[in-house]
Amino acid sequence: IGQFYNLLRNIGYDGNIELFEPLIECQNLLKQISEKDPNTRLNSFALGKDNEIISFYVTQNNVSSSLLMPNNPSKISNKYDVIVKKIDDLDLCLHLYSGVLLKIDAQGYEKNVILGSLNNLKYINYILMELSLSAQYVGEVEKMFVDKKDWLDHVKDLKENGPMIIEGRHQRKDGTV
């Protein structure tokens, strides 16, 4: 919890940080962080392509908790509704900043986060996504990008919507990259 925040602060970044965390079990620690740091704000909701309230699946290890149901339902330890908001509908004033980084760790929901931020992509200089492209959730990225062409088309769409660096590798179950 908060590892990327700590990394940024440890390397000397002292600018604004917006934290988005729908997992109730992690919010207390992030609240403590944000209360001590005037340049950090905790947003206790998820990001997605629509403004809505949907089910959130808490897994036994918390790290793989997601808005998507795990392929193995026995890993679910809790389930509750969370608020989901589009980045495009938030008053983040991204146009006022340079070097904006959007770090997405949405456990299979990454494409939905991007779709909810299309109007702001022109203000986002970098996108860092933590992806596990082995199918862990029902309806996740592995199924969205069935072949290499689908993934390359997705990267092309992102690049056309704003200046950013995208780099990644996807190793499929059959070993191809």
>> Could you tell me if Lys85 sits above the aromatic ring of Phe45, with its cationic atom closer than 6.0 Å to the ring centre and no more than 45 degrees from the axis?
In response: yes

> Do Ser55 and Asp81 have side-chain heavy atoms sitting under 4.5 Å apart?
Replying inline: yes

> What is the distance from atom CD1 of Ile124 to atom CG of Leu102, rounded to the nearest 0.5 Å?
Replying inline: 4.5 Å

> From Thr40 OG1 over to Lys31 NZ, what is the distance, rounded to the nearest 0.5 angstrom?
Replying inline: 15.0 Å

>> Let me confirm one number: the CG-OH distance from Leu7 to Tyr13, rounded to the nearest 0.5 Å.
In response: 12.5 Å

> Can you list the steps and then say if Asn10 with Tyr5 is a side-chain contact (heavy atoms from CB on, under 4.5 Å)?
Replying inline: CA-CA 9 Å; Asn10 287 337; Tyr5 164 87; over 6 Å; no

> If you take all heavy atoms of Leu92 and Tyr97, which pair is closest and at what distance?
Replying inline: O-CE1, 3.8 Å

> Do the non-hydrogen side-chain atoms of Leu121 and Ile127 ever get within less than 4.5 Å of each other?
Replying inline: yes

> Are there more than 12 heavy atoms of other residues, nucleotides or ligands under 6.0 Å from atom CD1 of Ile83?
Replying inline: no

> Run the side-chain contact (heavy atoms from CB on, under 4.5 Å) check on Met69 and Ile76 step by step: do they pass?
Replying inline: CA-CA 8 Å; Met69 184 188 319; Ile76 300 171; 4.1 Å; yes

> Does Asp37 use its side chain to pair, donor to acceptor, with the backbone of Ile33 at less than 3.5 Å?
Replying inline: no

List the atom pairs, donor and acceptor, that lie under 3.5 Å between side-chain atoms in residues 21-30 and the rest of the protein, sequence neighbours left out.
residue : atom : partner : partner atom : Å
Glu21   : OE2  : Leu23   : N            : 2.9
Glu25   : OE1  : Tyr80   : OH           : 2.7
Gln27   : NE2  : Glu21   : O            : 2.8
Gln27   : NE2  : Pro22   : O            : 3.4

>> Could you report the tightest heavy-atom contact between Ser65 and Gln107, atom names first, then the distance?
In response: O-CG, 3.1 Å

>> Could you report the tightest heavy-atom contact between Asn39 and Gly15, atom names first, then the distance?
In response: CB-O, 3.5 Å

> Donor-acceptor pair, Asp50 side chain versus Glu52 backbone, under 3.5 Å?
Replying inline: no

>> Return the CZ to CD1 distance between Arg41 and Ile17, rounded to the nearest 0.5 Å.
In response: 13.0 Å

>> Please find the pair of heavy atoms, one from Ser64 and one from Thr59, that lie closest to each other, and give the distance.
In response: OG-OG1, 3.0 Å

> Quick one: are Ile53 and Val84 in side-chain contact, heavy atoms under 4.5 Å?
Replying inline: no

> Which is it for Leu68 and Tyr109 under the side-chain contact (heavy atoms from CB on, under 4.5 Å) test, yes or no, and what are the steps along the way?
Replying inline: CA-CA 7 Å; Leu68 300 175; Tyr109 213 68; 3.9 Å; yes

> So do the side chains of Leu128 and Leu101 get within less than 4.5 Å of each other, counting heavy atoms only?
Replying inline: yes

>> So which atom in Ser98 and which in Asn125 form the shortest heavy-atom distance, rounded to 0.1 Å?
In response: C-OD1, 4.0 Å

>> As an exercise, state the distance from CD1 of Ile104 to CG of Leu47, rounded to the nearest 0.5 Å.
In response: 8.0 Å

> So, the side chain of Asn78 versus the backbone of Val58: is there a donor-acceptor pair under 3.5 Å, distance only?
Replying inline: no

>> To the nearest 0.5 Å, what is the distance between CG on Leu42 and CG on Leu19?
In response: 6.0 Å

>> Please check: side-chain N/O of Asn119 versus main-chain N/O of Asp88, any donor-acceptor pairing under 3.5 Å?
In response: no

> Of all heavy-atom pairs between Asn51 and Lys86, which one has the smallest distance, and what is that distance?
Replying inline: OD1-N, 2.8 Å

>> Are more than 12 heavy atoms, taken from residues, nucleotides or ligands other than Lys103, located less than 6.0 Å from that residue's NZ atom?
In response: yes

